[in-house]
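Here the structure is laid out as structure tokens; the discussion comes afterwards.
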Amino acid sequence: MRILAIDDEKNLLQVLTDTLHRVCEKEDTIVAFSKAKDLAKCENKTFDVAFIDMKLGYLSGVDFAQELLRYSPHCNIIYVTADDMVHASVFQTRPSGYVLKPYTDDEIRAELDNLRYPAK
């Protein structure tokens, strides 16, 4: 499984990637970005899952997800946020999940176990 993690706060991105390394299979590939402009690195790649922070500096997580879905239309979008209010705009991307910070390993594992589009 190919997993993308993006959060503009580097310390929170590290927490997320550490969590993913603990809960994912060893053969899974985890790619992490701290800047929305790094989406250019994804253009010719597909991802099974993307954990996307709702606020990515100048770009919203929803905008980032919409751009990512152009290249990887069956990517399972999982929004990660500290805001307990669900933003109506997230539904435009038909997300697989929504995780509140701080989260546990079990919460991340539950999202991966219940993907909208099953991944290998």
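One is the number of the first residue; the rest follow in order along the sequence. Since we're looking at a predicted model, the values are computed, not measured.
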Check: Can you name the closest pair of heavy atoms from Q14 and D18 and give their distance?
Finding: NE2-OD1, 2.7 Å
Notebook entry, point to check: Just by distance, do the side chain of S34 and the backbone of K10 share a donor-acceptor pair under 3.5 Å?
Noted result: no
Next item on the list: Find out if a path of hydrophobic residues (ILVMFWY) with successive side-chain heavy-atom gaps under 4.5 Å connects F47 to V23.
Entry: no
Notebook entry, point to check: Are F51 and L13 close enough that some pair of their side-chain heavy atoms sits under 4.5 Å apart?
Noted result: no
Margin query: For the backbone of G57 and the side chain of D8, can you confirm whether one donor and one acceptor N or O come within less than 3.5 Å of each other?
Written below: yes
Margin query: If hydrophobic clusters are built by linking Ile, Leu, Val, Met, Phe, Trp and Tyr wherever their side-chain heavy atoms come under 4.5 Å apart, do V15 and I6 end up in the same one?
Written below: no
Check: Are L4 and L115 linked, directly or through other ILVMFWY residues, by side chains that come within less than 4.5 angstrom of each other?
Finding: no
Check: Roughly how far, to the nearest 0.5 Å, is the OG1 atom of T81 from the OH atom of Y98?
Finding: 5.0 Å
Note to self: Treating E107 as the side-chain partner and T104 as the backbone partner, does any N or O pair qualify as donor plus acceptor under 3.5 Å?
What the structure shows: yes
Next item on the list: Would you name the heavy atoms of L56 and D7 that are closest together and state the gap between them?
Entry: CD2-CA, 4.0 Å
Margin query: Which heavy atom of C75 sits nearest to which heavy atom of V49, and what is that distance?
Written below: SG-C, 3.7 Å
Checklist line | Straight-line distance of L68 CG to I77 CD1, nearest 0.5 Å | finding: 5.0 Å
Checklist line | Interatomic distance, R22 atom CZ to T17 atom OG1 [nearest 0.5 angstrom] | finding: 9.5 Å
Notebook entry, point to check: Out of curiosity, S60 OG to M54 CE, how far, rounded to the nearest 0.5 Å?
Noted result: 6.5 Å
Notebook entry, point to check: Linking I/L/V/M/F/W/Y whenever any side-chain heavy atoms sit under 4.5 Å apart, do L16 and M1 land together?
Noted result: yes
Item checked: Same apolar cluster (I L V M F W Y, side chains within < 4.5 Å links), I3/Y103 -> yes
Notebook entry, point to check: Roughly how far, to the nearest 0.5 Å, is the CZ atom of R116 from the CD1 atom of I78?
Noted result: 12.0 Å
Check: Who are the side chain to side chain contact (heavy atoms under 4.5 Å, CB included) partners of Y117, not counting sequence neighbours?
Finding: H74, N76
Notebook entry, point to check: CG of D63 to OH of Y58: how many Å apart, nearest 0.5 Å?
Noted result: 10.0 Å
